[in-house]
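The figures that follow rest on heavy atoms only: side chains count, while hydrogens, waters and symmetry mates do not. We count ligands from 1, going down the list as the structure has it; atoms in each ligand are counted the same way. These figures come from a predicted structure and were not determined experimentally.
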Amino acid sequence: MIVNDKNQNDIMNQKLINSFEIDYIFGNKPINRYKNKPTIENIQQRLESLKKKILNISNCDLKNNSKQIVFNDGNLASQIMMVGEGPGQKEDELGKPFVGDAGQLLNKMLNAININRENIYITNVVNYRPPNNRKPEPAEINRYSEFLREHISIIDPKILILMGSTAMESLFGSKIKISQVRGIWKELIINNKTYLTMITFHPAYLLRQADQKKYSWTDLKEIRKQIDKLKLKV
Ligand code: URA
């Protein structure tokens, strides 16, 4: 009988296995070669525990004066994460970020570069509405930045977009000016991981300063270019 190489190999392997006198059980389940890739359930669990931490915060002027937490919106598995400043009145009422006028503009900006808002992930620097829509104070930005950094680690985006000076300040400090750093790719390191980050103007600022929209458009085109280069799913 002619035995081809493959059969020969199979016979030899079987002999070898038998010689060990061990009962092997061969499952037909594929090997999980992506053991470290978090599952959606895992992301959900980690987000729930982060949300609980924020819900348990005490002595916080923001929490004490707001109706509810505004935690997130969008696709948990997204490769693109956007960070705003903090909830406004509408967001406070509905418990969802960017649902007011700034949110309407944000949707248009995303559509302009062919991104559907549902495919990205959105959160804010602070998760409770500041009284009278005031800017969060430096101490508040600081306090919440620990949560934001954990939030970024959990979502683990390929591209991080910071909208406005509060988001910039939360992660890069207050010594830089947004007009000087917007539109360029920066690296943000959290837990030894580097996140490709773009700082750009906040939509609410663009509603007040329409003449700045031209810069925002340049940034959006650059973001689109990077999405295409990295072949990200949006
Ligand atoms: N502005 C923000 O920064 N975040 C929101 O969720 C809404 C308006």
_Checking a contact table here: which protein heavy atom is nearest atom 2 (C) of ligand 1, and how many Å away?_
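Among all protein heavy atoms, the one nearest atom 2 (C) of ligand 1 is Gly86 O, 3.1 Å.
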
*Looking only at protein heavy atoms, identify the closest one to atom 4 (N) of ligand 1 and say how far it is in Å.*
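Result: Asn124 OD1, 2.8 Å.
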
*Determine, for Phe147 and Lys53, whether the Lys NZ or Arg CZ falls below 6.0 Å from the six-membered ring centre while staying within 45 degrees of the axis.*
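Lys53 over Phe147 ring: no.
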
*Using a heavy-atom cut-off of under 4.0 Å, does the side chain or the backbone of His202 touch ligand 1, or both, or neither?*
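Just the side chain.
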
*Using a 4.0 Å heavy-atom cut-off, say whether Glu85 meets ligand 1 through its side chain, its backbone, both or neither.*
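Both of them.
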
_Between Arg46 and Glu150, does any side-chain N to carboxylate O distance fall below 4.0 Å?_
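Salt bridge absent between Arg46 and Glu150.
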
*For Phe98 and ligand 1, does the shortest N/O to N/O distance drop below 3.5 Å?*
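Indeed, backbone or side chain, Phe98 has an N or O that close.
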
*Are any of the N or O atoms of Ala102 closer than 3.5 Å to those of ligand 1?*
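For ligand 1, there is no N or O atom that lies under 3.5 Å from one belonging to Ala102.
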
*Atoms of ligand 1 close to Gly84 [distance to a heavy atom under 4.0 angstrom, numbered from 1]*: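 Counting atoms of ligand 1 from 1, those under 4.0 Å from Gly84 are 3 (O).
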
_Pro97 neighbourhood, listing ligand 1 atoms whose heavy-atom distance to it stays under 4.0 Å_ =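 Those qualifying, in numeric order: 6 (O).
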
*asked:* The test is side chain to side chain donor-acceptor pair (under 3.5 Å); show your working for Lys135 and Thr166 and say whether it passes.
replied: CA-CA 8 Å; Lys135 185 176 155 65; Thr166 303; 2.8 Å; yes

*When Ile, Leu, Val, Met, Phe, Trp and Tyr are grouped by side-chain heavy atoms lying under 4.5 Å apart, directly or through other members, which residues fall in the same group as Ile189?*
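Result for Ile189 is none, singleton.
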
*Apart from Leu94 itself, which Ile, Leu, Val, Met, Phe, Trp or Tyr residues share its cluster (side-chain heavy atoms under 4.5 Å, direct or through members)?*
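Joined to Leu94, directly or through intermediates: Val99.
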
*Are His151 and Tyr144 close enough that their ring centers fall under 6.0 Å?*
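Here the rings of Tyr144 and His151 have centres that are no less than 6.0 Å from each other.
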
